[in-house]
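Following: one structure in structure tokens, then a few remarks.
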Amino acid sequence: MPHLYATSDLHVTHNGNAPLIDEIRPGSPEDWLLVAGDVAEKIDAITSTLDTLKQRFAEVVWVPGNHELWTVPRDGNDLRGEARYQHLVRRCREIGVRTPEDEYLVWPHAGRPLTIAPLFLLYDYSWRTPQAEDVSLAEALDQAREANVVCTDEFYLHPDPFPSRQDWCAHRLKVTEQRLDAIPADHGTVLMSHWPLHRHPTAPLRWPEFALWCGTTRTEDWHLRYRAEVAVFGHLHIPRTTWADGVRFEEVSLGYPREWRKRARGPVPLRRIL
């Protein structure tokens, strides 16, 4: 029986993470792999890593994280926003890796057909602390800065040609809902995203203000609305299994070396989902 595996937040350019790619291997040639974003910031590092993984697994499905969308000087590529994303999609297609822009695959090895839906959604700053619930976005961001919490996205993740990250997020939500609505009613789903679809996994964040950059309230019922068997995500660097409304949520990130070195189990670069 083939298996479905997942990983995210490999951050291969961080010293100590690149060797762990060798541990991401299937149990059989028919196994599939979900890569839920944040492979790296550099386009060549992203695509070379995905190419390596595609040579091992029958199918590899990738969604971008915020790091893939950064435009950083050391990358040698000045593409921004939607243009950068579409460039990554083209590079993935060249090596046979599936993206959110491709036809959804169906996992047939379950009690019902499961459509694997890779989602690129971003965030819209709607996950607030209680103190920021009823204030403007500018004030919510000021509160985060006062707590010494500012996501690097504010400097490197450009929304071009959209006027803001919220507008880009709204566009992605619209086009993604249309595709999800078209999934056959007798199919369950594996919802795969970089940012969590539901807020509950952010509860352990050391700095709750960081939730501003973690998702959107507009997806809080998607695990029910789209009949999810499991929701797979990363971004938080808090790998664990949680449940909401009877649906399993899997945070599958490897994280930074400084994080996994503190864990008793050490690095876990691969998780079996099904």
Do Val268 and Leu254 have side chains that approach each other closer than 4.5 Å (heavy atoms only, starting at C-beta)? no
Hey, any chance Trp32 and Leu53 share a hydrophobic cluster, counting ILVMFWY side chains that come within less than 4.5 Å of each other, even indirectly? no
Please tell me if the side chains of Pro257 and Asn17 come closer than 4.5 Å, counting only heavy atoms from C-beta onward. yes
Does the separation of the ring centres of His67 and Tyr156 fall below 6.0 angstrom? no
Modelled atom types, side-chain donor and acceptor of Thr242 and His200, under 3.5 Å: yes
Do Glu209 and Thr129 pair up side chain to side chain, a donor and an acceptor below 3.5 Å, judged on atom types alone? no
Is it true that Lys54 and Asp51 have a side-chain N and a carboxylate O under 4.0 angstrom from each other? no
Using a strict cut-off of less than 4.0 Å between a Lys/Arg side-chain nitrogen and an Asp/Glu carboxylate oxygen, indicate whether Arg227 and Asp186 qualify as a salt bridge. no
Does any non-hydrogen side-chain atom of Leu197 lie less than 4.5 Å from one of Leu121? yes
Hey, is CG on Asp245 packed in by over 12 heavy atoms from elsewhere, all under 6.0 Å? yes
Do the side-chain N and O atoms of His194 and Asn66 include a donor-acceptor pair separated by under 3.5 angstrom? yes
State whether Arg165 and Glu154 are salt-bridged, where the test is any N-O pair (Lys NZ or Arg NE/NH1/NH2 against Asp/Glu carboxylate O) under 4.0 Å. yes
Test item: side-chain donor near acceptor, Tyr104 and Arg98, under 3.5 Å: no
Side-chain H-bond candidate by donor/acceptor type, Tyr85 with Glu101, under 3.5 Å: yes
Go through the side-chain N and O atoms of Asp9 and Tyr256 and say whether any donor and acceptor fall under 3.5 Å apart. no
Between Trp70 and Asp153, do the side chains contain an N or O donor and an N or O acceptor separated by less than 3.5 Å? yes
Mind checking whether Leu270 and Glu23 have side chains closer than 4.5 Å, heavy atoms only? no
Going hydrophobic residue to hydrophobic residue with side-chain gaps under 4.5 angstrom, can you get from Leu173 over to Leu69? no
Would one find more than 12 heavy atoms of other residues, nucleotides or ligands at under 6.0 Å from atom CD of Glu133? yes
Under-4.0 Å salt bridge between Arg271 and Glu251: no
Would you call Arg112-Glu229 a salt bridge at under 4.0 Å N-O? yes
So do Trp62 and Pro118 actually touch side chain to side chain, heavy atoms under 4.5 Å? no
Between His237 and Glu259, a side-chain donor and acceptor under 3.5 Å: yes
Does Lys42 pair with Asp75 as a salt bridge, N-O distance under 4.0 Å? no
